[in-house]
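Just below is one structure, and these are the notes that go with it.
A, B, ... follow the sequence lines: proteins, then strands. Residue 1 opens every chain.
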Number of protein chains: 2
Amino acid sequence: MVLVRAEPRGRRTQWLRGVLDLAVLALLAETGEDYGYTLLQRLAKAGLPDVQAGTLYPLLNRLAADGLVRAEWRAGAGGPGRKFFALTDEGRTALTERGAEWTDFARNAVALVERGMRA
Amino acid sequence: MVLVRAEPRGRRTQWLRGVLDLAVLALLAETGEDYGYTLLQRLAKAGLPDVQAGTLYPLLNRLAADGLVRAEWRAGAGGPGRKFFALTDEGRTALTERGAEWTDFARNAVALVERGMRA
DNA sequence: CCAACTAGTAGGTCTCGCAAACTAGTGGGT
DNA sequence: ACCCACTAGTTTGCGAGACCTACTAGTTGG
C-alpha cells in the first residue's frame with residue numbers, strides 16, 4: 001500500500017518542539033489531573049491549536065516514563081475509559097525549572113524578532 | 001572508526017526550531033547585511049547562545065534557496081573571504097508575517113506555562 | 001447505525017547538534 | 001626562510017529527537 005504523504009502543517013508545528021511537554025505539565029498543574037482528550041481541547045483554548053492526538057499520547061507516555069506524571073486508568077463515567085494523568089513531585093520541579101528557562105528564551109526571541117520587524 | 005555520539009545539549013536545542021530562521025532574518029533587518037561568523041556572535045548577545053556554526057550555515061543556505069536572503073561573496077580584508085547575506089523583499093515580508101505569528105504563539109505559550117508555575 | 005469520545009501505533013520528515021575538514025591571513029620561534 | 005600555532009570563516013556528513021499523517025480500535029448515547 002502506498003502512503004500518500006500530505007504536506008506537514010508548516011512552521012507552527014516546529015514551535016511546539018520542547019514546549020508541548022511544558023504546556024501539558026502546566027495544564028496538569030492548573031487542574032491537578034486530566035486525561036488526553038480534554039487536554040487537547042484545553043491546549044487549543046490556550047492558543048496552541050491543532051495538536052494532534054498522535055502527538056499527545058506518545059508525549060504523555062514519555063512524561064510518564066520519565067516520572068514527571070503518573071497515570072491512572074478509570075472506567076468511563078459516560079464514555080469510554082479514561083487515563084488520568086497527574087503531576088508527580090518531580091514533574092512539578094521540572095515545570096518550575098524548565099518553565100523559567102523557557103520563558104527566558106521565549107522573551108529573548110520575541111524581543112529580537114520584534115526589533116527586526118521594526119527596523 | 002567509531003563515532004562517539006555526545007549527548008545532545010538538551011531542550012534548548014528544540015526551542016531553536018522554527019525560530020532560528022526568524023532570528024537571523026531579524027538580525028539582518030537590523031543591520032542591512034552581515035556574514036555567518038558575526039551573526040553567531042550577535043545571536044549569543046541576543047540571548048540565543050551556543051548556536052553551532054554547523055547549524056547556522058546550512059540555515060543560511062536554506063534561506064537563500066527560499067529566496068529570503070541574497071548572498072554575496074567578498075574577498076577577505078584581514079582574513080578569509082566572507083559571504084555576506086542581506087534580506088530580500090520576500091525575506092522582509094516573511095519576517096513581518098511569520099514574526100507576528102511567532103510572537104503570538106510565544107506569548108500564549110509563556111502565559112500558559114507561567115499560569116502552571118503559579119498554580 | 002452513526003456520531004462523538006477516547007486511546008494507541010507505525011513510519012516518515014525536518015531541523016538541529018556534533019565533529020571535522022578546509023581555506024586564509026598573522027605572529028612567533030629557530 | 002621555514003614551520004607552527006592561532007584566529008577568522010565556511011562547508012559537509014552523520015545521527016537523533018519530536019513532531020506529523022494516517023490508520024486502528026475500542027465505548028457510549030441518540
Between the protein and nucleotides 6-8 of chain C, list every N/O to N/O distance that falls short of 3.5 Å.
unit_1 : atom_1 : unit_2   : atom_2 : d
dT6(C) : OP1    : Tyr35(A) : OH     : 3.4
dT6(C) : OP1    : Arg82(A) : NE     : 2.8
dT6(C) : OP1    : Arg82(A) : NH2    : 2.4
dT6(C) : OP2    : Tyr35(A) : OH     : 3.4
dA7(C) : OP1    : Lys83(A) : N      : 2.7
dA7(C) : OP2    : Gly36(A) : N      : 3.3
dA7(C) : OP2    : Tyr37(A) : N      : 3.0
dA7(C) : OP2    : Tyr57(A) : OH     : 3.0
dG8(C) : OP1    : Lys83(A) : NZ     : 2.7

Ion pair [X]/[Y], N-O distance below 4.0 Å:
{"X": "Arg70(A)", "Y": "Glu90(A)", "answer": "no"}
{"X": "Lys83(A)", "Y": "Glu72(A)", "answer": "no"}
{"X": "Asp34(B)", "Y": "Arg42(B)", "answer": "yes"}
{"X": "Arg92(B)", "Y": "Glu97(B)", "answer": "no"}
{"X": "Arg107(A)", "Y": "Glu101(A)", "answer": "no"}

Could you tell me the separation between the [atom1] atom of [X] and the [atom2] atom of [N], rounded to a whole number of Å?
{"X": "Arg62(A)", "N": "dA16(D)", "atom1": "CZ", "atom2": "C1'", "answer": "13 Å"}
{"X": "Arg11(B)", "N": "dC16(C)", "atom1": "CZ", "atom2": "P", "answer": "16 Å"}
{"X": "Leu60(B)", "N": "dT12(D)", "atom1": "CG", "atom2": "P", "answer": "13 Å"}
{"X": "Arg12(A)", "N": "dA18(D)", "atom1": "CZ", "atom2": "C1'", "answer": "19 Å"}
{"X": "Arg74(A)", "N": "dT27(D)", "atom1": "CZ", "atom2": "C1'", "answer": "18 Å"}
{"X": "Leu40(B)", "N": "dT7(D)", "atom1": "CG", "atom2": "P", "answer": "17 Å"}
{"X": "Leu59(A)", "N": "dC20(D)", "atom1": "CG", "atom2": "P", "answer": "10 Å"}

- Message: With the threshold set at under 4.0 Å for non-hydrogen atoms, list the residues of residues 14-27 of chain B touching DNA chain D in residue-number order.
- Response: Gln14(B), Arg17(B)
- Hey, does the side chain of Gln52(A) come within less than 4.0 Å of dC20(D)'s phosphate (OP1/OP2), counting only N and O?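 No, because none of the side-chain N or O atoms of Gln52(A) sits under 4.0 Å from OP1 or OP2 of dC20(D).
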- Item | Pairs satisfying ring pair (Phe, Tyr, Trp, His ring centres under 6.0 Å), at least one member in residues 23-72 of chain A, at least two apart |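 Output for this query lists Tyr35(A)-Phe84(A).
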- Among Leu63(A), Leu68(A), Leu60(A), the one residue meeting side-chain contact (heavy atoms from CB on, under 4.5 Å) with Phe85(A): Leu60(A)
- Note on the structure: Which of Asp104(A), Thr103(A), Val110(A), Leu22(A) passes side-chain contact (heavy atoms from CB on, under 4.5 Å) with Val110(B)? It is Thr103(A)
- Item | Mutual orientation of the aromatic rings belonging to Phe105(B) and Trp15(A) [parallel < 30°, tilted 30-60°, perpendicular > 60°] |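 Tilted.
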